[in-house]
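Beneath this line is the structure, given in structure tokens, with notes to follow.
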Amino acid sequence: MVDLSFLEQDSPVAAVALLGAVVTSTVDGERVSVLLNEVEAYLGPDDPASHAFRARTARNEPMFGLAGTIYVYRSYGIHWCINIVTGLRNDPQAVLLRGADVIEGTDVAIERRRRTDHLADGPGKLGQALGVTGAVSGTRLGAGPVALVSCADTLPPYEATPRVGVGAAHNRRWRFVTKKGTKHRAPNTG
DNA sequence: CACAAGATTGACT
DNA sequence: GTCAATCTTGTGT
């Protein structure tokens with residue numbers, strides 16, 4: 001477990017700091033660790049794409065909590081996507097964990113994913129590989145099944161793609177990808 | 001209560 | 001490239 005105080009910064013800043021960090025989940029006694037290489041920052045009222053854009057509801061309540069709180073939501077009724085809450089209390093911000101490399105418990109991840117590749121190369125895949133469900137939402141890093149084990153000593157070279165698709169549904173979005181063999185496809189416009 | 005939309009993925013053509 | 005799967009949330013009546 002590392003000092004979580006850096007998460008009290010605004011989400012775009014915290015998001016960058018999370019690149020290269022290691023997240024571990026312990027579910028059903030099985031431990032899986034991943035190294036983050038793709039994250040995305042969301043704000044509150046300023047960010048139309050954010051779940052906290054309109055109202056404070058039961059679902060987005062964790063986003064209003066302390067930095068280091070975990071916010072999990074159901075995507076398309078199928079996937080569980082993991083966020084790490086940043087910023088101060090009552091200032092809804094979060095960093096969506098979009099992609100990672102499995103570095104521990106690969107066999108477990110393969111079993112959960114039922115695939116031998118693309119284990120955590122996307123938000124839904126990441127959640128599935130870690131065995132995270134909605135039950136984890138609202139818990140804090142280190143207090144529940146999910147912990148932040150380490151951060152990168154030195155920030156890896158990364159690429160920032162602000163405001164992808166301005167005018168579309170995703171107005172302001174900060175997406176940060178570690179530069180290591182860019183194998184990621186753009187969501188929409190390629 | 002009814003209904004539309006969604007921070008996605010995987011399979012098929 | 002196109003499209004279905006699947007269900008929760010949010011909003012309107």
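Only a predicted model underlies this, so the values are computations on that prediction, with no experimental measurement involved. Below, chains carry the letters A, B, ... as their sequence lines are ordered, and counting in each starts from 1.
As rounded to whole Å, 14 Å separates atom C1' of B:dT8 from atom CG of A:Asn83. When the C1' atom of B:dT8 is taken as reference, atom OH of A:Tyr73 falls 8 Å away, rounded to whole Å. One interatomic measurement links the two molecules: CG of A:Asp117 to C1' of B:dT9, which rounds to 14 Å at whole-angstrom precision. Between the CD atom of A:Gln128 and the P atom of B:dT8 there is a distance of 15 Å, given to the nearest Å. Taking atom CZ on A:Phe53 and atom P on B:dA5, their separation rounds to 17 Å, with Å as the unit. Distance OH (A:Tyr71) to P (B:dA7): 9 Å, rounded to an integer number of Å.
Here the side chains of A:Asn37 and A:Asp101 are in contact, with some heavy-atom distance below 4.5 Å. At a threshold of 4.5 Å between non-hydrogen side-chain atoms, the residues A:Pro12 and A:Leu43 count as touching.
Looking at residues 102-116 of chain A, you'll see A:Arg113, A:Arg115 sit with a heavy atom under 4.0 Å from some atom of DNA chain B.
Every residue two or more places apart in sequence or in another chain that forms a side-chain contact (heavy atoms from CB on, under 4.5 Å) with A:Pro145 is listed here: A:Val27, A:Val136.
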*Give the C-alpha distance, both sets of side-chain angles, the deciding distance and a yes or no for side chain to side chain donor-acceptor pair (under 3.5 Å) between A:Arg112 and A:Gln128.*
CA-CA 7 Å; A:Arg112 287 179 181 153; A:Gln128 189 179 12; over 6 Å; no
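Centroid-to-centroid, the aromatic rings of A:His51 and A:Tyr42 stay 6.0 Å apart or farther.
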Under 3.5 Å, side-chain donor or acceptor atoms of residues 146-154 of chain A against the rest of the protein: list the pairs with distances, not counting sequence neighbours.
none

Return all side-chain donor-acceptor pairs below 3.5 angstrom for residues 77-89 of chain A, not counting sequence neighbours, or 'none' if the list is empty.
from: A:Asn83; atom 1: ND2; to: A:Tyr71; atom 2: O; distance (Å): 3.2
from: A:Thr86; atom 1: OG1; to: A:Ser11; atom 2: N; distance (Å): 3.4
from: A:Thr86; atom 1: OG1; to: A:Gln93; atom 2: OE1; distance (Å): 3.2

*Using Watson-Crick and G-U wobble pairs whose two distances are both under 3.5 Å, how do you write the pairing of DNA chain B as dot-bracket, with | for links to another strand?*
||||||.|||||.
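With hydrophobic clusters built from ILVMFWY side chains whose heavy atoms lie under 4.5 angstrom apart, A:Leu141 shares a cluster with A:Val2.
The backbone N or O of A:Phe176 sits nowhere less than 3.5 Å from a side-chain atom of A:Arg98 that would complete a donor-acceptor pair.
Between the side chains of A:Arg56 and A:Asn90, at least one donor-acceptor pair of N or O atoms lies under 3.5 Å.
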*What string of B, S and - do you get for nucleotides 3-13 of chain C, 5' to 3', when a contact is any protein heavy atom under 4.0 Å?*
--BBB-SSS--
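Between A:Glu159 and A:Lys179, none of the side-chain N atoms (NZ, or NE/NH1/NH2) sits under 4.0 Å from a carboxylate O, so this pair counts as no salt bridge.
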